[in-house]
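The model shown is predicted, which means the values in this text are computed figures rather than measured ones.
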Amino acid sequence: MAKVRTRYAPSPTGHLHIGNARTALFSYLFARKNGGDFIIRIEDTDTERNVPGGEYSQMAGLKWLGLDWDESIDKGGPYGPYRCMERLDIYKKYVDKLLAEGKAYKSYSTPEELEKERQEQLARGQAPKYSGWDRDLTPEQQAKLEAEGRVPSIRFRVPEGRIISFEDAVRGEVKFESDGIGDFVIMRPDGRPTYNFACVIDDALMEITHVIRGEEHISNTPRQILIYEALGFQPPQFAHIPLILNQEGKKMSKRDESIVQFIDQYKELGYLPESLVNFMALLGWAPEGEEEIFTLEELCQIFSLERISKAPAIFDTGKLKWMNNHYIKKASLERIVDLAIPYFEQAGLITLPLSEEKKNWITRVVALYQEQLDQVSSIVELSEIFFRQEVEYSEEGKQVLAEEHVPAVLGSFLAKLEEVEEFNPDQIKTVFKKVQKETGYKGKQLFMPIRVAVTGEVHGPDLRETLSLIGLETVKQRLQKLVDNKE
RNA sequence: GGCCCGUUGGUGAAGCGGUUAACACACCAGCCUUUCACGCUGGCAUGCAGGGGUUCGAAUCCCCUACGGGUCACCA
């Protein structure tokens, strides 16, 4: 059995999309599960769409997710180069071979003519398919067309009347009739191969054993198989994974606002890579048991092609949030604090570098909210009360403050605060006890007025810690103001 | 339009001829708690898109219909 080799072959047209990331993940998991190699190859033959930095961005995204690879443009490998545009001479060699054997031919239609032909077929209700008018031109005819200034592209001659079938690891046997496939371009006039051609040559030469890719490629597969056959290559095992749909059941489009679609956006929002990995693994794949929380390492152990679903996967954003919260709770406080600091800084709430004291303070604030954070960026909004200069009393808060016993509690609390030496949670606890003894109020009646008086809100994290973090002076000021108003 | 694929609760998703139709999210109720959040316990599909078959027996197999999706590029 040959060593398993899988690849992720992005075109460097932009940032790492969640769908591509999941394809890469599946390919990675399958390779690791089987002790194989994972390769990244850059499909940059559509030179007009390539964006500068696209390659780096793709790889940075994968790296952030925790995926690594064995061969690629950054580290080389025995099957390079790993960028299609650096393999042009290789493609040419195989095109020449097909040409010589009559399995491909020079085609002279211009893009304008093709588009016109296409539109006409569509208008007639026909399936668009290349006419093949220039399939069997004589050298003289070709010379004449070239004299007109036409530069030929190379088309693959699709055999007639064939049934092309292959065994897909996800879908089982898949069949296509060759008659539904028109002769397709494998090399553009300028010598750049098209995807279907480059993909076959590269996968074959790089000895890729398993091609795991999105379902949208399923209809490309018969074309590619034809090329494998024409060149005498052994096709790999194919596995077409289901598409990811948004919550309306529609294919995610780049413009779709309902879902955050790019990996670096998740990073910016404060998602943890392990939650994204876990979540993506469950997009179209299901583990055997009931457990659904897995580390990357665990996934490498249990992943299998057999358990990939045929039905499209729906992107459940609520579930992702829940999962991210799960991992945030599991993470160390220190890690979450480090992630949180930039958000505070961007919001203008703190300035860097942080003093030791301020860092400790921030750490305590973050600790208060760690268990309810579903994305780290939310920390700014959640912890708002610790950064406000003035208290703003909510409607519910005002109602609490209007209660009869409130002045007594507040007055007593304020007075007892004078005796405090260090304003820490323990000391505050003893102050509470004293106030309780003096006023006779306890529980909700005791704590709620104090909470509202200092924070303006009826809800919030642990009161003692909250007071301690807001600081003695501010607490006294706020209480004093209320006590004064009452009098 | 041709060809391919899919359809299980409010949501995601197991299920591969005989199950009380997992599990999770959400939601509701209760507990915990000064409040919120977390956590815990319980509730939540007489039903597997609809209609026909096959079978002693079907979410599971077959056919039709509906709906959704993919694809038919000198884009990957």
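A:N220 contributes a side-chain N or O that forms a donor-acceptor pair with the base of B:A76 under 3.5 Å.
Between the C1' atoms of B:G69 and B:C74, the separation comes to 27 Å (whole Å). Nucleotides B:C25 and B:U20 place their P atoms 25 Å apart, quoted to the nearest Å. Distance check on atom C1': B:A59 versus B:G39 gives 35 Å, rounded to whole Å. Look at the P atom in both B:A58 and B:A49: the space between them is 15 Å, to the nearest Å. Comparing the C1' positions of B:C61 and B:C16 gives a spacing of 11 Å, expressed to the nearest Å. For B:U41 and B:C4, the P atoms lie 49 Å apart once the distance is rounded to whole Å. Look at the C1' atom in both B:A14 and B:U60: the space between them is 13 Å, to the nearest Å. With both ends at atom C1', the span from B:A26 to B:C72 equals 40 Å, rounded to whole Å.
A straight line from CG of A:L16 to P of B:A76 spans 19 Å, rounded to a whole angstrom. Between the CD1 atom of A:I241 and the C1' atom of B:G6 there is a distance of 16 Å, given to the nearest Å. The distance between atom CD of A:Q121 and atom C1' of B:G2, rounded to the nearest whole Å, is 12 Å. Per the geometry, CG belonging to A:D316 stands 7 Å off P belonging to B:G12, to the nearest Å. Residue A:F294 contributes atom CZ, which lies 13 Å from atom P of B:A24 at whole-angstrom precision.
Remark: A:D89 does not engage A:K93 in a salt bridge, criterion side-chain N to carboxylate O under 4.0 Å. The pair A:E395-A:K398 meets the salt-bridge criterion, since a charged nitrogen lies less than 4.0 angstrom from a carboxylate oxygen. Taking a cutoff of 4.0 Å between a charged side-chain nitrogen and a carboxylate oxygen, A:E274 and A:K330 do not qualify as a salt bridge. Ion pair A:R364/A:E465 flagged as a salt bridge, since at least one NZ, NE, NH1 or NH2 atom sits closer than 4.0 Å to an Asp/Glu carboxylate oxygen.
A:L114 comes within 4.0 angstrom of a nucleotide base, judged by non-hydrogen atoms across all strands. Here A:R171 lies in heavy-atom contact (under 4.0 Å) with sugar-phosphate atoms only. Within the 4.0 angstrom heavy-atom criterion, only backbone atoms of the sugar-phosphate kind lie near A:P312; the bases stay farther away. Looking at heavy-atom distances under 4.0 Å, A:D462 makes contact with a base. Among the heavy atoms of the strands, none lies under 4.0 Å from A:N196. Counting non-hydrogen atoms under 4.0 angstrom, A:L243 reaches the backbone sugars and phosphates but no base. Among the heavy atoms of the strands, none lies under 4.0 Å from A:L446.
When each of B:G70, B:C74, B:U11 is scored by its nearest atom to the side-chain atoms of A:P189, the top-ranked nucleotide is B:C74. Side-chain atoms of A:W322 lie closest to B:A24 of the nucleotides B:U11, B:U34, B:A24. For A:A286, counting side-chain heavy atoms from C-beta on, the closest listed nucleotide (B:A14, B:G6, B:A37) is B:A14. Distance from the side chain of A:E292 is smallest to B:A24 among B:U35, B:A24, B:A13. With B:G6, B:A14, B:U11 as the candidates, the nucleotide lying closest to the side chain of A:S309 is B:A14. Here the nucleotide nearest the side chain of A:E371, chosen from B:U35, B:G12, B:A37, is B:A37. The side chain of A:Q372 sits closest to B:A37 out of B:U7, B:A37, B:A73. For A:E290, the listed nucleotide lying nearest its side chain is B:A22; candidates were B:C36, B:U34, B:A22. When distances are taken from the side chain of A:Y195 to each of B:G1, B:A76, B:C5, the shortest belongs to B:A76. Listed nucleotides: B:C36, B:A76, B:C72. Nearest to the side chain of A:E43: B:A76.
Mapping A:G182 and A:L373 onto RNA chain B by nearest heavy atom places A:L373 closer to the 5' end of the strand. Both A:M187 and A:R307 lie near RNA chain B, and the one whose nearest nucleotide falls closer to the 5' end is A:R307.
Within the 4.5 Å cutoff, the side chain of A:Q370 has no heavy atoms near those of the A:K329 side chain.
Ring-centre distance between A:Y8 and A:F38: not below the 6.0 Å cut-off. When ring centroids are compared, A:Y195 and A:H217 come within the 6.0 Å threshold.
Side-chain N/O atoms of A:K250 include one lying less than 4.0 angstrom from OP1 or OP2 on B:G69. Taking side-chain N and O atoms only, A:T45 has a distance below 4.0 Å to OP1 or OP2 of B:A76. The side chain of A:R451 contributes no N or O atom lying less than 4.0 Å from OP1 or OP2 of B:U34. Taking 4.0 angstrom as the limit, A:R155 places none of its side-chain polar atoms (N or O) nearer than this to OP1 or OP2 of B:A73. An OP1 or OP2 oxygen of B:G39 is reached within less than 4.0 angstrom by a side-chain nitrogen or oxygen of A:K329.
The number of heavy-atom neighbours closer than 6.0 Å to CD of A:E403, taken from other residues, nucleotides and ligands shown, is above 12. Open room surrounds CD on A:E288; 12 or fewer heavy atoms of other groups in view lie less than 6.0 Å from it.
Residues A:E146 and A:Y108 bring a donor and an acceptor atom of their side chains to less than 3.5 Å of each other.
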### Task
For RNA chain B, just give me the dot-bracket, please: Watson-Crick or G-U, both distances below 3.5 Å, ( ) intra-strand, [ ] crossing earlier pairs, | paired with another strand, . unpaired.
((((((((.[[[..)..(....]]].(((((.......))))).....[[[[[..)....]]]]])))))))....
